Each structure stands twice: as C-alpha cells, then as structure tokens.
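Note sheet for the following structure.
In this text the structure is predicted, and so the values were computed from the model without any measurement.
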Amino acid sequence: DPSVVCTVDISAVYGVASLEAVAYLDTIAVSRAWRGSGLAQKLLYFAEEKARVWGLNILALHVHRDNWSGLHFYRKHGFEVTSDWLGWGENFFLLIKPLQAAC
C-alpha cells in the first residue's frame, strides 16, 4: 500500500494568512519491470486524492532536468513547470498542479 505522511501540522499553515498549504510529492519510484503498467499513474492519483482530502489545492514536486520521461509523465497528467520557490536549484524543475476539490 502507498504511504502518505503529512509532515507539517496543517493548522500551523492555515493559521498564517499569507501562506497557502501545498501538497508536496517527494518520490514516485516504479521498478523498470512495472513501467508502462499504469502503476505510476495510480500512485500519482492516490497522492492527488490524499491532498484533496486534506483540503489542499495544489500538488507540487521537483523533477531533475535530465529526467525527460518523468517530465513528460507529469506534464501529461496536468503539471506545469513554474519558478522554483522551494529552492532546489538549477538542476531541477518545479512542477505544480492545481487540484479540484474532492467530491
């Protein structure tokens, strides 16, 4: 089963008017033997739904600039490259995806 952890007390973020809580996806790793099976898509959808349930409107992640297949995967699933306000440096793209509210 996938594991999702909220590492920051969400009430601390919601208590600051100038901050917006953002879900951050650290890693999706799929063995080469499972690539193309739809597993990465299922894991991504799981993370998106968890973020929605938590009441978050944005999912963010970093992709290494040399990871063209990862960049293609995330862009295909609605992510956009944006400026890197999380400070990972010039070797990474920051991607964000606005999330629709949970039904």
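Between the CG atom in Leu56 and the CD atom in Glu48 there is a gap of 12.5 Å [rounded to 0.5 Å]. Distance check, rounded to the nearest 0.5 Å: CZ of Phe93 to NE2 of His62 gives 11.0 Å.
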Using the side chain to side chain contact (heavy atoms under 4.5 Å, CB included) rule, take Leu59 and Tyr74 through it: C-alpha gap first, then chi angles, then the decisive distance, then the call.
CA-CA 11 Å; Leu59 179 59; Tyr74 291 116; over 6 Å; no

Set out, in order, the CA-CA distance, both residues' side-chain angles and the distance that settles side chain to side chain contact (heavy atoms under 4.5 Å, CB included) for Leu95 and Leu71, then state yes or no.
CA-CA 9 Å; Leu95 284 73; Leu71 183 60; 3.9 Å; yes

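Partners of Arg35 according to the side chain to side chain contact (heavy atoms under 4.5 Å, CB included) rule, which considers only residues two or more places apart in sequence or in another chain, are Val30, Arg32. In terms of the side chain to side chain contact (heavy atoms under 4.5 Å, CB included) criterion, residue partners of Asn67 (sequence neighbours excluded) are, by chain and number, Val63, His64, Ser69. When the ring pair (Phe, Tyr, Trp, His ring centres under 6.0 Å) test is applied to His72, no partner is found at least two apart in sequence or on another chain.
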Donor-acceptor pairs are to be reported for all side-chain atoms of residues 36-44 against protein atoms at under 3.5 Å, with residues two or more places apart or in another chain.
unit_1	atom_1	unit_2	atom_2	d
Ser37	OG	Trp34	O	2.6
Ser37	OG	Leu39	N	3.3
Gln41	OE1	His77	NE2	3.2

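Hydrophobic clustering keeps Tyr45 apart from Ile96 (ILVMFWY residues linked when any side-chain heavy atoms are closer than 4.5 Å, directly or through intermediates).
When side chains are defined from C-beta on, Asp26 counts as touching Tyr24, because their heavy atoms get closer than 4.5 Å.
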